[in-house]
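All values derive from a computational prediction rather than experimental measurement. Chain letters run A, B, ... following the sequence lines, proteins first, then strands; residues in each count from 1. Scope of the values below: all heavy atoms of this structure, side chains included, with no hydrogens, waters or symmetry mates.
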2 protein chains.
Amino acid sequence: METNEILVALTAIAQSSRLAVFRFLVQAGEEGRPAGKIAEALDIPPSSLSFHLKELYSAGLILQRQDGRSLIYSANYARMNAVISYLTENCCNGQSC
Amino acid sequence: METNEILVALTAIAQSSRLAVFRFLVQAGEEGRPAGKIAEALDIPPSSLSFHLKELYSAGLILQRQDGRSLIYSANYARMNAVISYLTENCCNGQSC
DNA sequence: ATTATAATTCGACTATTCTAGAAACATGGA
DNA sequence: TCCATGTTTCTAGAATAGTCGAATTATAAT
């Protein structure tokens, strides 16, 4: 992953509604949750939530699938792990830490 | 670590100059680097760098020590690891990921 | 077709953050 | 004490991000 993608992912997650949404989905597992349930669980107005989901989605941190008229979102664990790896890359100048 | 501290840390690192500074320090190891060297290496004007170092410092992501008239900054690995742990906490609803 | 439901996009507004020159502050050496 | 050096603080303008009601789109059920 290149620096700019990392930055986009970090920016996406560094906002209180989005951090809450992302964690909610991380904890929900592969199954995910429809937008409406997320809005309800976290008490975020639909138009605001939609704005935040778009950010997370375009950062690659969440996945989307359709089921009837619901859009179901789930965490993209692979991308989360890639971001984490980037942060610790070439860490500590050879020492332990 | 509580949610708000995590948010402050993520916000601190989710900015291009600060991400560059943080990685530079992560790679520099315990020894750290004086502000002037960071500014030079990353080509950031001193006053801008100072603004960013303050953000990183108050987010707890970097440490500061004085040596003569230099201020030497280094990465706070413990805090970085705490942030990473938070993101993966209660992950995946029991499944692997 | 009509109506209901799920969610998104639009738009206008507010708030926050970034930038970097100039000025100030602190330390060390002559 | 005076000057040079390293860094920070101040300031104000520019840029970016967040909020959410109203309108719109898409799917499904009757």
Side-chain angles (χ1 to χ4, degrees), chain A residues 3-25 28 31-76 83, chain B residues 3-25 28 31-75:
Chain A
T3 303
N4 204 58
E5 291 178 289
I6 298 290
L7 206 49
V8 169
L10 289 170
T11 302
I13 216 172
Q15 198 281 332
S16 85
S17 297
R18 292 195 296 264
L19 182 57
V21 169
F22 183 72
R23 282 196 101 211
F24 181 72
L25 292 177
E31 189 191 345
R33 295 286 183 269
K37 291 285 177 201
I38 303 172
E40 186 187 1
L42 304 178
D43 193 29
I44 300 174
S47 67
S48 299
L49 178 65
S50 201
F51 168 83
H52 292 306
L53 287 171
K54 199 164 89 175
E55 294 283 306
L56 288 169
Y57 182 75
S58 64
L61 285 166
I62 62 176
L63 305 169
Q64 187 191 59
R65 69 180 194 275
Q66 187 148 12
D67 176 22
R69 54 197 138 177
S70 293
L71 283 173
I72 300 184
Y73 290 92
S74 59
N76 181 354
V83 171
Chain B
T3 302
N4 204 58
E5 292 178 289
I6 298 289
L7 206 49
V8 168
L10 288 171
T11 301
I13 215 173
Q15 196 281 334
S16 84
S17 296
R18 291 194 296 265
L19 181 58
V21 168
F22 183 70
R23 281 196 104 209
F24 180 73
L25 292 177
E31 189 190 344
R33 294 287 183 269
K37 291 284 178 199
I38 303 172
E40 185 186 3
L42 305 178
D43 193 29
I44 300 172
S47 68
S48 299
L49 179 65
S50 200
F51 169 81
H52 292 306
L53 287 171
K54 199 164 90 176
E55 294 284 304
L56 288 168
Y57 182 76
S58 64
L61 286 166
I62 62 175
L63 306 170
Q64 187 191 58
R65 69 181 194 274
Q66 187 148 12
D67 177 22
R69 53 199 138 174
S70 291
L71 283 173
I72 299 184
Y73 290 93
S74 58

Does any N or O donor sit under 3.5 Å from an N or O acceptor when you compare the side chain of B:Arg69 with the base of D:dA4? yes
Heavy atoms of A:Leu19 and B:Ile6 approach each other most closely as CD2-CG2, 4.1 Å
Taking only side-chain nitrogens and oxygens of B:Ser48, does any of them come within less than 4.0 Å of OP1 or OP2 of C:dT19? no
Looking at D:dG6, does its base get a donor-acceptor pair with the side chain of B:Ser70 below 3.5 Å? no
Whole Å only: how far is the CD atom of B:Gln66 from the C1' atom of C:dG28? 12 Å
Nearest whole Å is fine: how far is D:dG18 P from B:Leu7 CG? 11 Å
Quick one: does A:Leu61's side chain get under 4.5 Å of A:Asn76's, heavy atoms only? no
Over how many whole Å does the gap from B:Phe51 atom CZ to D:dC10 atom C1' extend? 13 Å
Does a side-chain N or O of B:Gln15 approach OP1 or OP2 of C:dT19 to a distance below 4.0 Å, or not? yes
Between CD on residue A:Glu55 and CD1 on residue A:Ile62, distance to nearest 0.5 Å: 10.5 Å
B:Arg65 CZ - D:dT7 P separation (whole Å): 12 Å
Need one value for B:Tyr57: base, sugar-phosphate or nothing, where a base atom within 4.0 Å counts as base even if backbone is also close, heavy atoms only. nothing
Can you tell me if B:Tyr57 has over 12 outside heavy atoms packed within less than 6.0 Å of its OH? no
I want to check something: taking the side chain as every heavy atom from C-beta on, are A:Phe22 and A:His52 in contact at a cut-off of under 4.5 Å? no
Name the closest nucleotide to the A:Ala35 side chain, picking from C:dT9, C:dA7, D:dG18. C:dA7
Nearest-Å distance, CD1 (A:Ile72) to C1' (C:dT5)? 15 Å
Any A:Ser50 side-chain N or O less than 4.0 Å from OP1/OP2 of C:dT8: yes
Please determine whether a side-chain nitrogen or oxygen atom of A:His52 lies at a distance below 4.0 Å from atom OP1 or OP2 of D:dA17. no
d(CD, A:Glu40; P, C:dT5) in whole Å: 14 Å
Is the phosphate of D:dG6 approached by B:Tyr73 (side-chain N or O, under 4.0 Å from OP1 or OP2)? no
Starting at atom CD of A:Glu55, determine the distance to atom P of C:dA7, rounded to an integer number of angstrom. 19 Å
Taking only the side-chain heavy atoms of B:Gln64 (C-beta and beyond), determine which of D:dG18, D:dT8, C:dA7 contains the nearest atom. D:dT8
Base, sugar-phosphate, or nothing: which does A:Pro45 touch, judged by heavy atoms less than 4.0 Å apart? sugar-phosphate
Closest to the A:Pro34 side chain: D:dT8, D:dT19, C:dA7? C:dA7
Once you round it to whole Å, what is the distance between P of D:dA28 and CG of A:Asp67? 9 Å
